[in-house]
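Working notes, structure below.
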Amino acid sequence: MKHGRLRFLFGALVPALVLHVLFVLSPYAQAFYLSLTDWTGVAGEAHFVGAGNYARLGGDSLFLDAVRNNAVMLAVVPLVTIALGLFLASMLHLGGRDGRSGIAGSRIYQIVYFFPQLLSLVIIAVLWSFIYNPNTGLLNGVLRGVGLGSLARSWLGDPALALPAVMAVLVWSSAGFYMVLFSAAIDSIPKELFEAALLDGAGGWATFRRVTLPLVRDTVQVGFVYLGIAALDGFAIVQVMTAGPGGPDGATEVIGLSLYRNAFTYGRFGYASAMGVALFFATLTLAVLALRAGRKERVELA
């Protein structure tokens, strides 16, 4: 190591860098190039069209619907999921009568809440498609069974309800995982801090706001980034659950679905690549802004 440090570093790093460039950076570069062409996916030639594909995005009404729907999902899904995960984690760890321990049976609740993570998102989408069925679905059946039949709806057939129904499934499928993630973060907080808050007369909400939340902020930030990326995707659950898919009337259209349809249905791989590049930069911007905001919060807390 003393005499061959550079050779060792070169031999250890270069193969990994070559693989990274070959299998990660190269596909990105190809996607960027294809977004500037009119490649159909099967033709041997791709004609350079410059920024023409990106100019078309601004006039594509279905793509703009997808952007709007993804924006709504980005605003709702991460916030609701994180709020629910934090609430469940706090109750399971600090919801007891003494304010220092969890509620009775908290370990069992953790396992039950984590159950959705044992299923793939496609299976979850199929199950909820049956639950939302307007005629034989469990949701409408329960409403009718308890005398609330007037509230029964065609949940995935009503343009006003389809997107909220899809977002509800995303929250349901993710809340258990983030409950466990936030539980681990709360476990790492010294119990003495909670005891000191109780001795000072702090209630449950004040303890959560002044002690728990600041000390799990980094974990919440990571959760927000991952949930934001999931909200900007949404392809699998929309593809399986909704009619069209993306219906009704584009109410559940998402960018990933528009990309898939243009590439594999219409044979417009160049245009689809432009959508993918736009989605890439949207995701990158979200991650950068979230990380910078978290860094500012840490500086203020210090």
Side-chain angles (χ1 to χ4, degrees), residues 24 27-28 31 63 65-89 113-129 131-132 155-156 161-185 216-242 244-246 250-261 263 272 275-294:
V24 178
Y28 277 112
F63 177 75
D65 287 342
V67 172
R68 179 201 64 204
N69 292 335
N70 275 119
V72 172
M73 292 170 66
L74 179 60
V76 174
V77 173
L79 293 179
V80 174
T81 305
I82 287 174
L84 186 57
L86 280 172
F87 172 76
L88 293 175
Y113 292 149
F114 193 74
F115 276 170
Q117 294 300 311
L118 304 179
L119 302 175
S120 71
L121 193 58
V122 173
I123 299 299
I124 289 173
V126 172
L127 291 176
W128 277 90
S129 296
I131 293 174
Y132 282 139
W155 301 99
L156 296 176
L161 297 175
L163 186 61
V166 170
M167 290 191 294
V169 176
L170 285 173
V171 172
W172 178 85
S173 65
S174 303
F177 172 81
Y178 289 95
M179 179 271 298
V180 173
L181 183 66
F182 297 147
S183 293
V216 301
R217 191 181 300 274
D218 288 346
T219 306
V220 171
Q221 174 189 326
V222 173
F224 180 82
V225 172
Y226 279 107
L227 284 166
I229 293 173
L232 287 174
D233 178 18
F235 167 76
I237 197 163
V238 171
Q239 172 78 1
V240 176
M241 284 186 63
T242 61
T252 57
E253 185 77 15
V254 292
I255 298 175
L257 185 60
S258 291
L259 188 158
Y260 175 85
R261 185 185 295 112
M275 292 182 180
V277 171
L279 181 59
F280 166 79
F281 281 110
T283 305
L284 182 63
T285 301
L286 168 69
V288 171
L289 291 177
L291 293 175
R292 287 181 63 86

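Heads up: numbering here begins at 1 and tracks the sequence.
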Taking the side chain as C-beta and beyond, is there a heavy-atom pair between Val80 and Met167 under 4.5 Å? no

Measure the spacing between CD1 of Ile237 and OG1 of Thr252 and express it to the nearest 0.5 Å. 10.5 Å

Roughly how far apart are Ser183 OG and Leu86 CG, rounded to 0.5 Å? 9.5 Å

Can you name the closest pair of heavy atoms from Met241 and Ser129 and give their distance? CA-OG, 3.5 Å

Interatomic spacing from CG in Asn70 to CD1 in Ile255 - rounded to 0.5 Å: 4.5 Å

Enter the distance from Phe280:CZ to Leu232:CG here, rounded to the nearest 0.5 Å. 13.0 Å

State whether the number of non-hydrogen atoms from other residues, nucleotides or ligands found under 6.0 Å of Phe114 atom CZ is greater than 12. yes

CG/Leu227 to CE/Met73 distance, rounded to the nearest 0.5 angstrom? 11.0 Å

State, yes or no, whether a side-chain contact exists between Val216 and Phe182 at a heavy-atom distance under 4.5 Å. no

Closest non-hydrogen contact found for Ser173 with Leu121 is OG-CD1, 4.1 Å

Go through the steps to decide whether Trp128 and Val166 satisfy the test side-chain contact (heavy atoms from CB on, under 4.5 Å), and finish with yes or no. CA-CA 9 Å; Trp128 277 90; Val166 170; over 6 Å; no

Does Asn69 use its side chain to pair, donor to acceptor, with the backbone of Gly250 at less than 3.5 Å? yes

Minimum side-chain heavy-atom gap Leu119-Leu127 below 4.5 Å: yes

For the side chain of Tyr132 and the backbone of Ala165, is there at least one donor-acceptor N/O pair under 3.5 Å apart? yes

Rounded to the nearest 0.5 Å, how far apart are CG of Leu74 and CG of Leu79? 8.5 Å

Could you tell me whether the side chain of Tyr178 reaches within less than 4.5 Å of the side chain of Leu88, counting heavy atoms only? no

Please report the closest heavy-atom contact between Ala185 and Thr219, naming both atoms and the distance. CB-OG1, 3.6 Å

Identify, with sequence neighbours excluded, every residue that meets side chain to side chain contact (heavy atoms under 4.5 Å, CB included) alongside Leu257. Phe235, Val238, Gln239, Pro245, Glu253, Val254, Arg261

Kindly indicate whether the side chain of Leu181, heavy atoms from C-beta on, has any atom under 4.5 Å from the side chain of Val222. no

Give a yes or no on whether the backbone of Val171 and the side-chain of Ser174 come within a donor-acceptor separation of less than 3.5 Å. no

